[in-house]
Asks: 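I'd like to ask you about the structure that follows.
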Amino acid sequence: MKHIEDSSRRLTSVAIAWEGVSWTHPDAVLPVVLHSMLGAWRQDEDRLGSEFASKLWSGSCCERYTAFHTSYTLHGPLWLLCGSRGMHEQQMDLSWAMKRGIFCITLDICPTHADHARRRLKQSLVQHLDSSTAVADEIGRHMLTYGRRVPLAEMIACINDVDAKTLSQPARRLFLNK
């Protein structure tokens, strides 16, 4: 966990990261679905984007957060980054709320939330391929990562194989006791 204070900014950032798996790991798609489940949220939006957002928002000084995941050759960290106006004690409460929210979700992954995350992820994959530049970027990434271009249908099939049950055990390995 890292606290970053900058007096020129109106928010203080609280970041927490967990070490995930590489792109070549058999469970590589699971952290991507978890990332989609966690999503992002801003206080000035009318809706809470996920169950995690509602857990984090209630009773904390969080004004916004985002989850992001990047995979590398050997590992793939999953990050949570929150913005807060609070003082140090409130930031400690926020980091506790972040960890507690992850803990609760990990112990009881709701099938409906997992299905919603899969739909969002598949939609994002399809929307990303809207230009020749994006397609070229994807081909390059796939060639570097897998040594071949992974067809969209294959990627979607991998995402479809993920459900609350298959997500539960890797999520516990990723988040609990870390």
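Start at 1 with the first residue, then count along the sequence. These numbers come from a predicted model, not from an experiment.
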Asks: Can you name the nearest heavy-atom pair linking Thr106 to Ile102, along with the distance?
Replies: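 It is OG1-O, 2.7 Å.
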Asks: Closest approach of Ala114 and Ala164, non-hydrogen atoms and distance?
Replies: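 Between these two residues, the closest heavy atoms are CB-N, 3.9 Å.
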Asks: Can you tell me how far apart CD (Glu154) and NE2 (His142) are? Round to the nearest 0.5 Å.
Replies: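 Rounded to the nearest 0.5 Å, the CD-NE2 separation comes to 9.5 Å.
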Asks: Distance check, rounded to the nearest 0.5 Å: Thr66 atom OG1 versus Arg64 atom CZ?
Replies: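 Between Thr66 OG1 and Arg64 CZ, I get 10.0 Å after rounding to 0.5 Å.
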Asks: Considering only NZ, NE, NH1 and NH2 on the basic side and carboxylate oxygens on the acidic side, decide whether Glu19 and Arg173 come within less than 4.0 Å.
Replies: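 Salt bridge flag = no for Arg173 with Glu19.
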Asks: Where the side chain of His69 meets the backbone of Pro31, is there a donor-acceptor pair that is under 3.5 Å apart?
Replies: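 No, because the side chain of His69 does not come within donor-acceptor range (under 3.5 Å) of the backbone of Pro31.
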Asks: Quick one: sort the Phe175 and Trp18 rings into parallel, tilted or perpendicular, breaks at 30° and 60°.
Replies: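 Rings of Phe175 and Trp18: perpendicular, over 60°.
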Asks: To the nearest 0.5 Å, what is the distance between OG on Ser168 and CG on Leu30?
Replies: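 Ser168 atom OG to Leu30 atom CG measures 10.5 Å (nearest 0.5 Å).
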Asks: When you compare the side chain of Trp79 with that of Ile16, does any pair of heavy atoms fall below 4.5 Å?
Replies: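 No; the side chains remain at least 4.5 Å from each other.
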Asks: What's the verdict on side chain to side chain contact (heavy atoms under 4.5 Å, CB included) for Met37 and Leu167, showing C-alpha distance, side-chain angles and the deciding distance?
Replies: CA-CA 11 Å; Met37 242 175 109; Leu167 200 54; 3.7 Å; yes
Asks: Suppose we screen for ring-ring contact (aromatic ring centres under 6.0 Å, His included). Which residues come up paired with His75, at least two apart in sequence or across chains?
Replies: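 Tyr72.
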Asks: Calculate, to the nearest 0.5 Å, the distance between atoms CG and CE belonging to Leu125 and Met155 respectively.
Replies: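 Those atoms lie 6.5 Å apart.
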Asks: Can you give me the closest heavy-atom contact between Leu78 and His35, atom names plus distance?
Replies: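 Between these two residues, the closest heavy atoms are CD1-CB, 3.9 Å.
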Asks: Provide the closest heavy-atom pair for Ser36 versus Leu121 in the form atom of the first, atom of the second, distance.
Replies: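 It is OG-N, 3.8 Å.
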Asks: Without swapping roles, check the side chain of Tyr65 against the backbone of Leu38 for a donor-acceptor pair under 3.5 Å.
Replies: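 Yes: the side chain of Tyr65 pairs with the backbone of Leu38.
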Asks: Over all heavy atoms of both residues, which pair between Arg118 and Asn160 is shortest? Give the atoms and the distance, please.
Replies: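 Smallest interatomic distance, heavy atoms only, reads NH1-O, 4.0 Å.
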Asks: Any side-chain donor paired with an acceptor under 3.5 Å for Thr24 and Ser22?
Replies: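 Thr24 vs Ser22: donor-acceptor pair found between side chains.
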Asks: Consider only side-chain heavy atoms of I, L, V, M, F, W and Y, link residues closer than 4.5 Å, and tell whether Ile159 and Leu174 are in one cluster.
Replies: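 Both belong to a single hydrophobic cluster.
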Asks: Does a donor on one side chain sit under 3.5 Å from an acceptor on the other, for Asp163 and Thr166?
Replies: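 Yes, Thr166 and Asp163 have a side-chain donor paired with an acceptor closer than 3.5 Å.
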Asks: Working to the nearest 0.5 Å, report the span between CG of Leu81 and CZ of Phe68.
Replies: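 Reported value, rounded in 0.5 Å steps: 5.5 Å.
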Asks: Holding to salt bridge (charged side-chain N to carboxylate O under 4.0 Å, His left out), I want the full list of residues that pass it with Arg141, two or more places apart in sequence or in another chain.
Replies: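 Partners of Arg141 by the salt bridge (charged side-chain N to carboxylate O under 4.0 Å, His left out) criterion, ordered by chain and then number, come out as Asp137.
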Asks: How many angstroms lie between CG in Asp115 and CZ in Arg119, if you round to the nearest 0.5 Å?
Replies: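 Those atoms lie 6.0 Å apart.
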Asks: Looking at every non-hydrogen atom in both residues, tell me the closest pair between Trp23 and Ala28 and how far apart they are.
Replies: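 Looking at all heavy atoms of both residues, the shortest contact is O-CB, 3.3 Å.
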